[in-house]
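Contents: one structure, followed by commentary.
Just follow the structure's listing: the first ligand is 1, and inside any ligand the first atom is 1. Positions are given from 1 along the sequence.
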Amino acid sequence: MKHLFRGGCHPPEKKEATKDLPLRPAKTPPFVAVSFSQHIGKPSAPMIKIGERVLRGQKIAESQGFVSAPAHASVSGIAKGVVQLRHPLGFLVDALKIENDGKDEWHPDAIAEHDVDKLAVEEIRKLVQNAGIVGMGGATFPTHVKLAPPKEKAVDVLILNGAECEPYLTSDDRLMTEHPEDILRGAVLFARAVGASRVVAGIENNKPRAQGAMRDAAAKLGLAQVEIRALPVMYPQGAEKQLINAILGRSVPSGGLPMDVGVLVHNMASVYAGYDACRFGHPLTERVVTVTGPGIRNPANLWVRIGTMASHLLEECGFDAAATKKLIVGGPMMGMPMRDLEWATSKGGNGILALTDPGAYVHRPCIRCARCVDACPMGLIPCALSNYGESGLLAESLEVNALDCIECGCCSYVCPSKRPIVQWVRMEKAEINRKRQLAAAAKK
Ligand code: SF4
Ligand code: SF4
C-alpha cells in the first residue's frame with residue numbers, strides 16, 4: 001500500500017524488544033517530583049504547603065488561564081519541598097517533591113463516578129480540564145482547549161492517532177491492544193464534545209494486534225460511527241498534518257490548525273485518560289512509558305506515576321550507563337536528548353531510550369544531494385534551514401518557512417553527512433519565537 005502524504009522516510013522500526021511485553025506497573029518510587037510545567041502554556045501555580053500530607057489525585061498546582069493545566073499528586077505522602085528538574089528543552093523547571101508513604105490513598109475529590117452517557121458537553125470539558133489532561137504523544141497541548149473549538153470552526157471528524165511511527169516506542173500499541181474499549185468510550189465522549197459525527201482511528205500496519213483489538217471493541221460496543229483505518233508504515237505519519245492528509249486527504253494550511261479543515265486529532269493515551277477522568281473522576285496521575293534501547297538490559301512497557309525520576313525507571317530496567325552514549329526522552333526521531341538523570345516522567349513522556357551507537361553524532365559539511373528535500377513532509381528546504389541555523393541567520397530561515405517545520409527529523413535521518421538539521425531548526429524556531437515575544441512585550 002502506498003503511503004498517502006508527501007515525503008517521509010522509513011527508519012528501522014526496532015520495536016521487537018517491547019511490542020510483545022504486556023503493560024505492568026513500575027516499581028513503587030520512594031518519591032515523585034511533579035513538575036508545574038508539563039504542558040504548553042503558562043506553568044501551573046503551586047497550592048500546597050511544604051510538610052502537608054497529600055493524597056493521590058489531589059490538586060497540587062492550579063492552572064493559570066485557559067491554556068494551562070493543573071498538576072496532581074501521583075502518590076500519597078508528604079510534600080517535602082520544591083525542587084528543580086531538567087526540562088527536555090534544556091532549562092530548569094520547578095516541581096513538588098512528594099515523599100511516597102506507599103499507601104496509595106486517593107483524594108476524595110479524585111474518585112467521583114459519573115454516568116458518561118448523561119454528561120453534558122460542558123461537563124465533559126470541565127472534567128477533562130480539572131484532570132489536567134494534555135497531548136500525551138509529546139505535544140502536551142492542554143486537551144480541554146482542543147475540546148472547545150470556536151463556533152465558526154465546525155469539526156466533523158475526530159481522528160485517533162494510533163500511528164506510533166517513532167522507532168522503538170510501543171506504549172500506544174500496548175494501550176490499544178489491552179484497553180481498546182476504554183479508548184473508544186473516551187473517543188465517543190470527545191466526539192460528542194466537539195460535535196464530530198465520525199471517528200477514525202489511524203493505526204499503522206506494524207500493529208496488527210492493536211488494529212484487531214480496536215476493531216473487535218468497536219463491534220462489541222456497537223459503534224457504527226467508528227472506523228479503524230489500517231495505514232502503511234511510514235514516518236512521520238503520527239504528525240497531525242500528515243495523519244489528516246493520509247486519512248482524509250485534507251491539507252491543513254501553512255500556519256493553520258486541524259480544525260481549519262474540520263478535524264480534531266487526539267493521541268490514544270489522552271483519549272484513554274479522558275475516559276478515566278469522565279467515568280471515574282481520576283486526574284492524570286500515571287501514564288505508559290516504554291523503556292528500551294540497546295543500553296537497556298530489561299526493556300519494558302510500564303505504568304509509571306507522573307513525577308517518577310528517570311534514574312528509578314532506568315535502574316529497574318537494567319540501565320547500562322557505561323555503554324550508553326545518548327539518553328533520549330521520547331523516540332529517536334523527535335525525542336530530546338537528556339544530558340543527565342535529573343528529570344522525571346512527565347505527562348508527555350512516552351518513552352526513555354538508551355542508545356549505544358556514537359556514530360550518529362559526527363556530522364560533515366552538506367554535499368547538496370537534496371535527499372533532505374525529498375524526505376521533508378512539509379515541502380521545506382532542510383539543507384538551507386540547516387545552513388542558516390548553523391550560521392545564526394534568522395531572517396533568512398524565516399524566508400524559507402522555518403516555522404512550518406514539524407521537527408520530525410526525516411531530514412537528519414536521510415542526510416548522508418549526518419547533519420543535525422532538526423536540532424538547528426529547533427534552535428532557529430525557539431530563537432525566532434523568543435524575539436517575537438520580546439518585541440511584543442516591548443510594544444506593550
Ligand atoms: S525540515 Fe522539519 S519538517 Fe522538514 S524533514 Fe526536517 S524536521 Fe521534518
Ligand atoms: S541531505 Fe544532508 S548533505 Fe544532502 S542536501 Fe540535505 S543537508 Fe545537504
Report task. Look only at the side chain of Lys14 and the backbone of Gly293, and say whether a donor-acceptor pair between them is shorter than 3.5 Å. Result ->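 Judged by distance alone, no pair lies under 3.5 Å.
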Query raised in the report: Between the side chain of Thr324 and the main-chain N/O of Thr356, is any donor-acceptor distance below 3.5 Å?
Result: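 No; judged by distance alone, with no hydrogens or angles, the pair does not exist.
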Query raised in the report: Using a distance threshold of 2.8 Å, what protein N/O/S atoms lie below it relative to atom 4 (Fe) of ligand 2?
Result: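 Less than 2.8 Å away from atom 4 (Fe) of ligand 2 sit Cys369 SG.
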Query raised in the report: Can you find a heavy atom in the side chain of Arg174 that is under 4.5 Å from one in the side chain of Arg209?
Result: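 Yes, at least one pair of side-chain atoms sits under 4.5 Å.
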Query raised in the report: Quick one: are Gln38 and Ile306 in side-chain contact, heavy atoms under 4.5 Å?
Result: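 They are in side-chain contact.
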**Report entry** For Ile421, the ligand 2 atoms whose distance to one of its heavy atoms is below 4.0 Å
**Finding:**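 Those qualifying, in numeric order: 7 (S).
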Query raised in the report: Should Lys15 and Asp173 count as an ion pair when the cut-off is N to O under 4.0 Å?
Result: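 Salt bridge between Lys15 and Asp173, a charged N being under 4.0 Å from a carboxylate O: no.
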Query - Salt-bridge criterion met for Glu240 and Arg250 (N-O under 4.0 Å) - result: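 No salt bridge links Glu240 with Arg250.
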Query raised in the report: Among the protein atoms near atom 8 (Fe) of ligand 1, how many are N, O or S and lie under 2.8 Å away?
Result: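 For atom 8 (Fe) of ligand 1, the figure is 1.
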Just list the side-chain donor-acceptor pairs under 3.5 Å for residues 373-387, sequence neighbours left out, or say none.
from: Ser386; atom 1: OG; to: Cys383; atom 2: O; distance (Å): 2.9
from: Asn387; atom 1: OD1; to: Arg419; atom 2: NH2; distance (Å): 3.1
from: Asn387; atom 1: ND2; to: Cys383; atom 2: O; distance (Å): 3.3

Query - Criterion side chain to side chain donor-acceptor pair (under 3.5 Å) on Ser74 and Thr285, from CA distance to verdict - result: CA-CA 5 Å; Ser74 56; Thr285 60; over 6 Å; no
Give the table of side-chain donor-acceptor pairs shorter than 3.5 Å for residues 64-71, with sequence neighbours excluded, one pair per line with atom names and distance.
from: Gln64; atom 1: NE2; to: Pro43; atom 2: O; distance (Å): 2.9
from: Ser68; atom 1: OG; to: His39; atom 2: NE2; distance (Å): 3.4
from: Ser68; atom 1: OG; to: Lys42; atom 2: O; distance (Å): 2.8
from: Ser68; atom 1: OG; to: Gln64; atom 2: N; distance (Å): 3.0

**Report entry** Between Tyr272 and His179, ring centroids under 6.0 Å
**Finding:**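 Yes.
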